[in-house]
Amino acid sequence: MPRSLCQITDLTASEVREVFDLCRQMKAGEIKPKPLEGKSVACIFTKPSLRTRVSFEVGISELGGQALYVTDSEIQLGKRESIADAARVLSRYVGLIMIRTFQQSDVEELARYASIPVVNGLTDLVHPCQILGDYFTIVEHLGQRDRYRIAYLGDGNNVTNSWLNLASLIPVDLRIGTTGDCRPDPQITERAGQNPASSVLLTDDPKEAVADADVLYTDVWASMGQKHLAEEKERKLERFQVNSSLLGQANPGAIVMHCLPAHRGREITDDVMDGPQSVVFDQAENRLHIQKAIMTFLLKQA
Ligand code: CP
Ligand code: NVA
């Protein structure tokens with residue numbers, strides 16, 4: 001059975017550390033693996049993308065392979081033919097599939113029937129490559145520690161769920177400032193709470209969320225596919241805006257993170273995003289390195 005990354009919990013804690021180690025070695029230029037030499041990778045997109053598309057295409061090329069950009073309007077996954085048949089066909093042509101789409105179950109079905117690794121490039125439920133890259137960025141900036149206090153402010157979405165997934169594997173002190181029906185997935189939250197090495201707090205008080213935080217993290221209030229909810233989410237979440245006043249309540253050396261794209265002036269202000277504590281573009285860069293490490297790790301297991 002090939003290994004896939006449908007969500008972070010498809011890996012064990014020691015495999016997550018192995019991926020970080022590979023990422024560090026690749027970024028430092030200590031190793032230059034070419035596991036995709038002579039192979040192609042299908043990159044399927046049902047939603048728009050800048051970072052995921054470009055960082056995967058560049059990463060695939062640096063690993064010796066060729067990226068094929070495939071839009072869902074072309075293949076119509078699950079409509080023109082079953083997801084299982086599409087998985088079987090793609091497995092005859094390419095060495096790996098990367099997919100960004102709406103339903104997590106579609107990614108899992110693709111992985112179940114493919115005989116090659118499948119990597120989730122974002123669904124409504126999770127965004128695993130983003131959070132693996134972001135944790136790597138935190139270690140780069142704050143140095144190796146047993147646990148970081150991460151304050152996530154805003155909508156409890158795919159990015160929040162992936163933070164919770166990581167917390168269920170490795171020690172994370174996660175404080176989520178959000179409210180009502182913007183809370184993250186309850187099952188994923190419960191699973192994270194079962195890791196005795198992690199701590200998970202959900203609060204509707206933004207100041208409680210950021211107290212003593214090492215990292216302030218935010219994301220758009222209305223994710224892709226939810227733009228019709230934008231005004232409603234803005235009303236509910238405006239108290240959680242990452243601005244200089246909220247940043248002042250965190251640890252003095254705290255870093256500010258956003259997976260991007262950002263809606264400046266809504267979930268984050270310009271002065272904070274462009275300020276000295278912001279590491280948002282390092283995060284964007286590390287998507288490239290972490291995805292190369294993820295693909296190399298999965299292909300090694302196949
Ligand atoms: N952060 C991220 O996944 O960006 P894109 O939506 O541009 O790929
Ligand atoms: N939560 C955002 C992340 C974008 C990278 C979305 O799903 O639109």
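We count residues from 1, following the sequence as given. One-based numbering, in listed order, for ligands and for the atoms of each.
The residues lining ligand 2, counting any heavy atom closer than 4.0 Å, are Leu122, His127, Asn157, Asn158, Asp219, Val220, Ser223, Met224, Leu260. A heavy-atom cutoff of 4.0 Å around ligand 1 is satisfied by the protein residues Ser49, Leu50, Arg51, Thr52, Arg100, His127, Gln130, Cys259, Leu260, Arg287.
Between the side chains of Thr203 and Asp205, no donor-acceptor pair of N or O atoms lies under 3.5 Å. Judged by distance alone, the side chains of Tyr152 and Asn157 do bring a donor and an acceptor atom under 3.5 Å apart.
Residue Asp134 is tested with Gln283, His127, Arg287 for a side-chain hydrogen bond (donor to acceptor under 3.5 Å, both in side chains); the sole match is Gln283. Residue Arg24 is tested with Glu140, Glu18, Glu30 for a salt bridge (charged side-chain N to carboxylate O under 4.0 Å, His left out); the sole match is Glu30. Of the options Lys236, Arg266, Lys233, a salt bridge (charged side-chain N to carboxylate O under 4.0 Å, His left out) to Asp155 is made by Lys233 and by none of the others.
Scanning for side-chain hydrogen bond (donor to acceptor under 3.5 Å, both in side chains) contacts around Arg175 gives an empty result, with sequence neighbours left out.
In this structure, Arg53 satisfies the cation-pi test against Tyr69, with its NZ or CZ atom closer than 6.0 Å to the six-membered ring centre and inside 45 degrees of the ring normal.
The line from CD of Gln76 to OG1 of Thr46 is 10.5 Å long, rounded to the nearest 0.5 Å.
The side-chain hydrogen bond (donor to acceptor under 3.5 Å, both in side chains) pairs that include a residue from residues 250-261 are Asp214-Asn251, His258-Glu267, where partners are two or more places apart or lie in different chains.
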